[in-house]
Amino acid sequence: MKRLTSTAASILMAGSLLAFAPLTFADPGGPQRIDARTPLVIGHRGGATGYLPDHTLENYALGIALGADYVEPDLVATKDGHLIARHEPNLIDTTNVKDLPQFANRKRVAVLDGIPTEGFWASDFTLAEIKQLRAIQPLAERDPSFNGMFQIPTLEEIIEFVKRKSREENRRIGIYPETKHPTYHQAIGLALEDRLLAVLTRAGWNHRSAPVFIQSFETANLKYLRSRTSVRLIQLVDADDVNPDGTLAFNKPFDKPYDWVVSGRAGLFKDLLTPQGLAEVRSYADGIGPWKYYLISTACKQIVNGACVDVTGDGAVDERDRMVLPPSNVVANAHALGLLVHPYTFRNEQRRIASDFKANPVNEFLAFYELGVDGVFADFADTAFAARAMFLLKTDPNYARCLVNERKCERPD
């Protein structure tokens, strides 16, 4: 799809006009209601992740201020069974633990999804010890000046915070927790699923209409959760890399759900997105969270000896050296089965933006909104929000009324 100017892009836009109904308006004294089919802005690891360290209340707060409808806490378990928000059970890359002498002897090798990995493991720390740590920025290209400033929150703290922000913002804000490495946590006696449901129950959020989605890259734990809760569930779908021709690479450990490895099930992640795979997902989940390249992939502009060429001449080979390919039929096939589609992860850095998008991440968001996705995981919630507003202004004649109204627009789901 070349900047959505082709015939295919026109078809996509026509489809999007049908997929997104006009706004409905609530009581004049309350928030204006955006149609439920308007795509969600999901704050990836908080939604201000391009600005602040991941999974902190400060990140969630800024992500909400920037327009996130949901914030995403990745969940791992502590030694004493508390659920905390960290991207991985290994704390070495997202906290200052390696700099704290009192925990120097905690460094060890653990086997995570079949791979021996050295680090500091959340399951070796009590919650009281976790509270001595501070978050750091894991990506070298992003601002490290906030390292060491913010605590690691528990799921209970996040829910309490999000409820308060919902009241203050006068709009519905939710959480989108991911159960990280569920097979690993089960193997060490700290299974995540029942702990998560217990926290949701105490918060009054263990029901179908709660502002909650639960996601996982594994399948068995989602099936277990479906037998015990009506909360909406999302099957994440991964891959390892994008090949020069735009096809996806499936190298271990990103080739298949790890519960498939343990059970001996054949197949790859991509099998979950075939018509048969989507039908299976529909039996236990409410939607899919595919890596965005399953929906719109990119290919190298020039390939020599099977490798991408640095056509920009900037000394690096990245998305700027690639072009956008026509979209797949995954969204249409998923929607035909009533499944939601929430692709990940959208980021603003120039090296991550394909050449067709003209160095502007807004253009990438617009391509996916026009394709009909139901939400996007964004490190920069402000960019996702602005692009969504542009999309709605073009496709819904009533949205301008909502945007300029003194009350906030509310999206029911």
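Just so you know, residue 1 is the first one in the sequence shown, and it goes up from there.
- Relative orientation of the Tyr293 and Trp291 rings is perpendicular, given thresholds of 30° and 60° on the angle between their planes.
- Evaluation of the ring-ring contact (aromatic ring centres under 6.0 Å, His included) test over residues 78-119, restricted to residues two or more places apart or in two chains, returns Phe103-Phe125.
- Side-chain N/O atoms of Tyr344 and Asp238 include a donor and acceptor closer than 3.5 Å.
- With contacts defined as side-chain heavy-atom distances shorter than 4.5 Å, the pair Asp124/Arg108 qualifies.
- A donor-acceptor contact under 3.5 angstrom links the side chains of Thr312 and Asp310, judged on distance only.
- Counting only residues at least two apart or on different chains, no disulfide (SG to SG under 2.5 Å) pair has a member in residues 102-218.
- To the nearest 0.5 Å, atom OG of residue Ser123 and atom CG of residue Asp80 are 11.0 Å apart.
- Side-chain atoms of His181 and Glu88 include a donor-acceptor pair closer than 3.5 Å.
- Under 3.5 Å, the side chains of Asp54 and Thr94 contain no donor-acceptor pair of N or O atoms.
- Between Phe213 and Tyr176, the ring planes lie parallel to each other; the angle is under 30°, not in the 30° to 60° tilted range.
- Under the side-chain contact (heavy atoms from CB on, under 4.5 Å) criterion, Asn243 pairs with Asp245, Thr247, Ala249, sequence neighbours left out.
- If you check the side chains of Gln151 and Glu157, you find no donor sitting under 3.5 Å from an acceptor.
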